[in-house]
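Have a look at the structure below, then the notes.
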Amino acid sequence: MNNLINVSTALPPIHLYKLLSALSLAMNYNRNGLMRHHQRVALICSYLAEEIHMDPDKLSQLFCSALIHDAGTSTSREKADLEQFEIIRPWQHCEKGYNLLYNMPILAPLARVILHHHDRWDGQNPSGLAGSAIPLSSRIIFLADRVDVLAYQHGNILDHRQEIMSQIKARSGIMFDPELVNAFNRVSRKESLWLDLTSQYIDIHLVRRLRTGPVITDQEQIIGVSKIFAQIIDNKSPFTHRHSRLVAETATLLAGQAGFTEWQQKNMYVAGLLHDLGKLSIAEEILEKPGGLNKQEVNIIKQHTYITHQILSMIDGFEEINQWAAYHHEKLNGEGYPFHLTSSDLSTGSRIMAVADIFSALVEDRPYRRGLPRHQVDEIMNRMVETKSIDEDITRLLMDNYREAEILKEGLV
Ligand SMILES: [Fe+2]
Ligand SMILES: [Fe+2]
Ligand SMILES: [Fe+2]
């Protein structure tokens with residue numbers, strides 16, 4: 001990977017690892033809340049890489065791969081499977097991750113590493129690889145990943161070091177590269193590794209340890225990375241398989257009609273792709289539940305825009321994108337969530353996103369109904385204008401461009 005890629009206008013330089021570290025937080029929620037699995041794996045990788053004096057040119061590929069190694073996992077069921085130390089069939093999510101990444105120029109170098117991140121040292125892998133033929137970064141991530149699974153323990157992590165180490169040693173030369181196991185045995189003596197891993201300030205340790213790799217200064221690359229995350233979000237359910245893309249396309253169409261510059265339209269596209277980032281934390285049983293949700297389930301759903309907001313606020317230069325993305329369930333009358341903003345707080349961009357999101361949700365199939373025809377969409381959205389939930393002018397803009405919006409939907413497979 002190049003160290004500096006393309007210089008563009010108003011975007012502050014963003015380290016790729018920082019962008020991935022923030023966005024991957026969305027993948028780290030399971031039923032027990034935020035686990036920070038990807039960040040923890042990247043941190044263990046950094047200790048291992050230091051111990052084996054890994055080629056500095058390879059570090060960024062290792063760290064960035066570690067930060068999204070489970071990109072092929074979207075549902076709670078898939079995540080729960082990976083929490084078992086001995087996974088029965090891990091390769092499906094490796095292949096899915098590879099397929100997501102290999103086409104995207106800035107992330108393509110990570111694809112092969114991710115494809116092999118569960119390959120066993122002794123072979124028996126669908127990839128056909130064994131031993132040192134498995135990419136070194138994949139071997140490091142595999143070991144770090146399994147250490148992290150063992151490290152989710154109650155109490156003082158230092159009390160569990162020996163037990164974790166003996167589980168790893170028992171699989172040296174079978175699952176894991178023996179030299180890496182030896183290296184890990186040496187670094188595991190450092191209390192700092194375990195304390196960094198369980199620290200509330202892991203972000204600070206990561207910045208200190210991962211400071212390397214490509215810097216993004218180009219909007220197209222941001223779009224590329226955002227598309228991957230949109231796919232991870234939309235893979236959660238067959239009913240939302242194109243939701244993020246449709247919201248992004250519709251919002252960009254409306255932004256163009258509302259006179260946004262090309263630069264702003266591209267930012268709107270990114271905001272649309274990422275608006276439901278926080279949905280990765282919601283169980284599919286709730287997202288796909290036919291019929292009404294109970295109060296607890298509604299409260300779970302309400303967390304998703306808060307999480308989107310938290311994550312996007314970690315990315316420099318994303319302030320406006322964050323407002324457009326994370327306020328899509330706010331309403332002009334103050335009855336939305338999670339901030340209960342009112343018309344004076346909601347910019348045109350945020351209003352556009354709300355309209356694009358509602359339109360997309362109404363025209364898409366849901367487990368309990370087919371996508372709605374135009375007259376019903378019209379009726380529902382007009383009622384929302386009357387109750388001051390959504391913006392009248394933006395809604396009119398959508399209705400004036402309805403056929404174009406439908407064509408956008410038909411173009412997404
Ligand atoms: Fe994995
Ligand atoms: Fe993992
Ligand atoms: Fe949403």
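Residue indices begin at 1 and follow the sequence shown. The figures that follow rest on heavy atoms only: side chains count, while hydrogens, waters and symmetry mates do not. When a ligand or atom number is given, it counts from 1 through the structure's own listing order.
Not one N, O or S atom of C94 sits under 2.8 Å from the Fe ion (ligand 1).
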- Could you walk me through whether T305 and T308 pass the side chain to side chain donor-acceptor pair (under 3.5 Å) check? CA-CA 5 Å; T305 42; T308 299; over 6 Å; no
- Task: Evaluate the salt bridge (charged side-chain N to carboxylate O under 4.0 Å, His left out) criterion for residues E392 and R396: first the C-alpha distance (whole Å), next the side-chain angles of each, then the deciding distance (0.1 Å), finally the verdict.
- Result: CA-CA 6 Å; E392 184 173 5; R396 191 171 320 118; 3.6 Å; yes
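Residues S244 and K279 form no side-chain contact, since every pair of their non-hydrogen atoms from C-beta on lies 4.5 Å or further apart.
Within H118, the N, O or S atom lying nearest to the Fe ion (ligand 1) carries the name NE2.
Excluding waters, the count of protein N/O/S atoms less than 2.8 Å from the Fe ion (ligand 3) comes to 4.
Remark: E410 CD is packed, more than 12 non-hydrogen atoms of other residues, nucleotides or ligands lying under 6.0 Å away.
Remark: the N267 side chain and the E320 side chain contain no N/O donor-acceptor pair separated by less than 3.5 Å. If you check the side chains of Y47 and S192, you find a donor sitting under 3.5 Å from an acceptor. Judged by distance alone, the side chains of E288 and S237 do bring a donor and an acceptor atom under 3.5 Å apart. Between the side chains of H117 and D145, no donor-acceptor pair of N or O atoms lies under 3.5 Å.
Atoms of the protein (N, O or S only) found under 2.8 Å from the Fe ion (ligand 2) are H37 NE2, H69 NE2, D70 OD2, D145 OD1.
Separation of the F260 and W324 ring centroids falls under the 6.0 Å cut-off.
In this structure, S138 contributes its side chain and V113 its backbone to a donor-acceptor pair below 3.5 Å.
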